[in-house]
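Structure record follows, encoded as structure tokens.
Bear in mind that the values here come from a model prediction, so they are computed numbers and not experimental data. Chain identifiers are assigned alphabetically (A, B, ...) following the order of the sequence lines, protein sequences preceding nucleic acid strands; residue numbering begins at 1 within each chain.
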There are 2 protein chains.
Amino acid sequence: MNKKMIRIKDIAKLAGVSVGTVDRVIHKRGKVSEKAREKVESVLQEIDYTPNLLAKTLGSNKVYTIALLVPHPGQDPYWKLSMTGLDIAQKEWRPYHMELQPYFFELENAKSFTAAAQQLLKDSPDAVVSAPIFLHEAVDFFKQLDQLSIPYVHFNTMISEVSPLSFIGQDSYQSGRLGASLLHLLTKDQTGSPAILHIRESVQHSVHFREKERGFRDFFGAMSPSQTVTAITIEGNDMDTFEEKLIRGIKKHDIKGLFIPTSSGAKLTANALEKNGLQHISIVGYDLLKENIDLLKNDKINFLIHQNPSRQLFRGIHHLANHLLFKKSAPSKELFPLEVITAENVDSYLEAVLH
Amino acid sequence: MNKKMIRIKDIAKLAGVSVGTVDRVIHKRGKVSEKAREKVESVLQEIDYTPNLLAKTLGSNKVYTIALLVPHPGQDPYWKLSMTGLDIAQKEWRPYHMELQPYFFELENAKSFTAAAQQLLKDSPDAVVSAPIFLHEAVDFFKQLDQLSIPYVHFNTMISEVSPLSFIGQDSYQSGRLGASLLHLLTKDQTGSPAILHIRESVQHSVHFREKERGFRDFFGAMSPSQTVTAITIEGNDMDTFEEKLIRGIKKHDIKGLFIPTSSGAKLTANALEKNGLQHISIVGYDLLKENIDLLKNDKINFLIHQNPSRQLFRGIHHLANHLLFKKSAPSKELFPLEVITAENVDSYLEAVLH
DNA sequence: GTGAAAGCGCTAACAA
DNA sequence: TTGTTAGCGCTTTCAC
């Protein structure tokens with residue numbers, strides 16, 4: 001039942017050299033005579049050798065630490081979602097002696113980002129995964145990591161100023177197009193204008209949102225050039241003025257459907273619409289927040305686009321762990337599918353293991 | 001940078017016993033005196049010991065073989081898709097000396113299933129992952145595996161007659177509901193009847209399709225009880241008669257939209273509709289076959305539901321490999337999300353790594 | 001019941 | 001330039 005695998009020792013015997021020499025040939029390290037190299041290489045050609053990763057890793061007996069630099073989960077439901085990715089990664093990698101250490105910063109506070117980053121650097125982890133929310137401060141930080149040659153991956157937000165080992169996230173432009181197409185499907189028989197709704201908090205991840213808007217506009221532009229497309233931007237986070245400003249915008253532009261890139265924006269909007277008897281206006285929102293799921297099931301929101309933040313984090317850790325432990329290379333970019341969520345498939349997403 | 005982990009040796013020293021005794025206590029094997037057991041257990045309480053899986057696995061030096069019993073990929077595009085799951089699993093598990101051995105059978109030929117199963121049994125693998133297409137023959141086979149205590153997982157098709165370690169797939173009933181909801185969205189402003197289309201080949205996986213039909217009907221039943229729902233079944237696989245029968249069915253029942261659970265059925269149907277000037281009829285199909293993707297992008301199909309057969313297979317292998325290698329337990333059921341594919345998000349699915 | 005020791009495949013240090 | 005050997009942490013065997 002248990003077949004034997006080829007070992008370095010076997011190769012050594014076949015080539016008539018020692019294991020040390022075989023090791024040197026395989027890893028191109030140290031000095032090897034031409035003759036010996038040829039013998040070993042010809043044996044390697046013949047047989048099908050794959051090294052035993054377990055034994056390989058067992059040799060170097062360290063514990064690696066991967067640091068996470070992410071927004072505080074207590075402050076924002078979207079980032080809270082991402083944390084299940086940490087839990088699952090923790091379970092998966094613990095047996096390989098990979099330690100995961102989160103450092104939290106506040107979403108609206110660039111200083112707290114810097115502080116968390118400083119603390120992180122002091123603890124000198126072996127690798128870092130981060131959502132580079134604050135562009136300016138982030139760039140400084142990642143340049144420091146570059147200098148220390150600490151590998152890092154980015155997720156959620158793509159920035160072009162530095163070069164992470166890997167970026168994990170979605171194509172924002174295409175995400176905007178998708179949102180537009182869904183809104184179009186919902187409202188194509190109605191008169192009026194589709195709109196993208198920006199809410200103040202959004203501004204910080206501006207690249208993100210600008211790209212979504214571009215995709216959103218492009219879709220309608222290609223579909224029906226005569227169709228006007230509106231962007232409503234609401235500044236300030238006072239609830240009462242939010243509602244008032246929103247309704248004013250809707251009436252002014254005769255809005256028939258709203259595309260809302262901020263995950264927590266859909267709830268505010270749905271409530272405001274209901275209060276004002278405007279339930280006929282369609283909503284396409286983002287992410288599987290508890291409130292969004294409820295609204296979806298109650299038909300107050302029509303579609304959600306799922307960004308799967310937990311899996312983004314999970315995959316980021318995955319790539320770094322493989323990089324550290326097994327020297328496996330990571331893709332420079334891992335784009336996630338743009339997942340369409342409706343009342344009828346949302347449960348299947350909730351039940352599914354991290355996928 | 002590299003912290004040390006607690007080893008069995010450390011525990012032994014703390015408890016004042018030998019590593020052998022610690023091992024016996026941890027794994028409850030062999031004889032240990034009450035006194036020794038207590039000492040070791042009290043140390044274990046104090047400290048946070050996690051065994052080194054690498055070393056553990058290295059100890060038992062075998063190669064495991066996982067056999068796959070699946071439809072021949074050359075005969076059916078859906079099953080061909082699933083094979084990328086094999087490739088990726090192969091890459092992932094090869095370093096752990098896990099061998100994957102496929103055995104193919106023909107989709108329309110129960111005898112070939114039995115033959116492949118016999119061959120598989122002769123090779124006595126350590127585990128089996130299979131799509132139990134032919135109910136009757138499959139049950140016999142899996143009962144044999146039970147007797148040999150060879151663990152197995154099922155994917156794609158759920159059968160209740162035997163108890164696999166794990167089932168991997170989707171909720172067919174909910175999948176039918178989802179299809180219905182999408183079709184409803186597409187056609188809600190039109191008169192006529194929505195229909196589910198069964199094509200002859202479908203019959204073999206009958207449970208699957210019956211469940212989808214039930215979900216499909218239930219959705220419309222709850223949505224608008226007065227709405228008639230049609231089922232069109234087309235027997236025989238002669239192309240000409242297919243078109244004729246289909247068009248006849250559509251006209252007779254005044255069909256406004258079609259839900260087509262067979263992955264290759266959407267193409268046949270879209271072509272027939274186009275030939276007959278019935279392009280206004282909506283189509284919701286299944287799976288990311290090349291032809292389906294083209295039709296989706298050309299607006300001949302409106303939605304696809306993605307079953308992700310490659311990942312189903314991949315996860316099946318994953319669970320078995322973890323079971324064999326690390327004694328990790330697998331969930332008895334892993335339900336995949338019901339993924340909605342449109343012209344605007346299909347590329348994001350194609351680019352994504354197996355997810 | 002218990003401890004000592006060999007061995008899993010690979011790496012790295014040390015001799016030759 | 002090569003071969004030999006001592007580990008890595010855990011399992012398993014063997015002797016006491």
Could you tell me how far apart [X] ([atom1]) and [N] ([atom2]) are, to the nearest whole angstrom?
{"X": "A:L58", "N": "D:dG9", "atom1": "CG", "atom2": "C1'", "answer": "6 Å"}
{"X": "B:K9", "N": "C:dA5", "atom1": "NZ", "atom2": "P", "answer": "12 Å"}
{"X": "A:N52", "N": "C:dC10", "atom1": "CG", "atom2": "P", "answer": "6 Å"}
{"X": "A:L325", "N": "D:dC8", "atom1": "CG", "atom2": "P", "answer": "18 Å"}
{"X": "B:L54", "N": "D:dG9", "atom1": "CG", "atom2": "C1'", "answer": "10 Å"}
{"X": "A:I6", "N": "C:dC8", "atom1": "CD1", "atom2": "C1'", "answer": "17 Å"}
{"X": "B:K56", "N": "D:dT11", "atom1": "NZ", "atom2": "C1'", "answer": "10 Å"}

Checking B:D10 now: which residues fulfil salt bridge (charged side-chain N to carboxylate O under 4.0 Å, His left out) with it, not counting sequence neighbours?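 B:D10 satisfies salt bridge (charged side-chain N to carboxylate O under 4.0 Å, His left out) with B:R7 only.
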Contacts of type ring pair (Phe, Tyr, Trp, His ring centres under 6.0 Å), residue A:F113, not counting sequence neighbours: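 Ring pair (Phe, Tyr, Trp, His ring centres under 6.0 Å) list for A:F113, sorted by chain: A:F105, A:F134.
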If you compare all heavy atoms of A:A127 against all heavy atoms of A:L324, which two are closest, and at what distance to 0.1 Å?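 Heavy-atom minimum between the residues: CB-CD1, 4.0 Å.
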Which heavy atom of B:F104 sits nearest a heavy atom of B:P71, and at what distance?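 In terms of heavy atoms, the two residues are closest at CD2-O, 3.7 Å.
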Can a side-chain donor-acceptor contact be found between A:D140 and A:Q144 if the only test is distance below 3.5 angstrom?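 Short answer, no.
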Determine whether the side chains of B:N308 and B:Q312 contain a donor N or O and an acceptor N or O closer than 3.5 Å.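 No donor-acceptor contact under 3.5 Å links the two side chains.
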From C:dT11, C:dT2, D:dG9, pick the nucleotide closest to the side chain of B:V32?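 The nucleotide sitting nearest to the side chain is C:dT2.
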Taking the side chain of A:S33 as its heavy atoms from C-beta onward, which of D:dT2, C:dG1, D:dG9 lies nearest to it?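 For A:S33, the side-chain atoms sit closest to D:dT2.
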Interface residues of residues 35-50 of chain A with DNA chain C (non-hydrogen, below 4.0 angstrom):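 Nucleic-acid contacts, sorted: A:Y49.
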Which of residues 12-31 of chain A sit near DNA chain D, with a heavy atom under 4.0 Å from it?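 Under 4.0 Å from DNA chain D: A:V17, A:S18, A:V19, A:G20, A:T21, A:R24, A:K31.
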Which residues pass the side-chain contact (heavy atoms from CB on, under 4.5 Å) test with B:S33, not counting sequence neighbours?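 B:K35, B:A36.
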Kindly write out the residues that satisfy side-chain contact (heavy atoms from CB on, under 4.5 Å) with B:A89, not counting sequence neighbours, or none if the list is empty.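 Here the qualifying residues are B:W93, B:L100, B:F314, B:I317.
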Quick check for you: to the nearest 0.5 Å, what is the distance between A:Q170 atom CD and A:L335 atom CG?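 Answer for the CD-CG pair, A:Q170 versus A:L335, is 8.5 Å.
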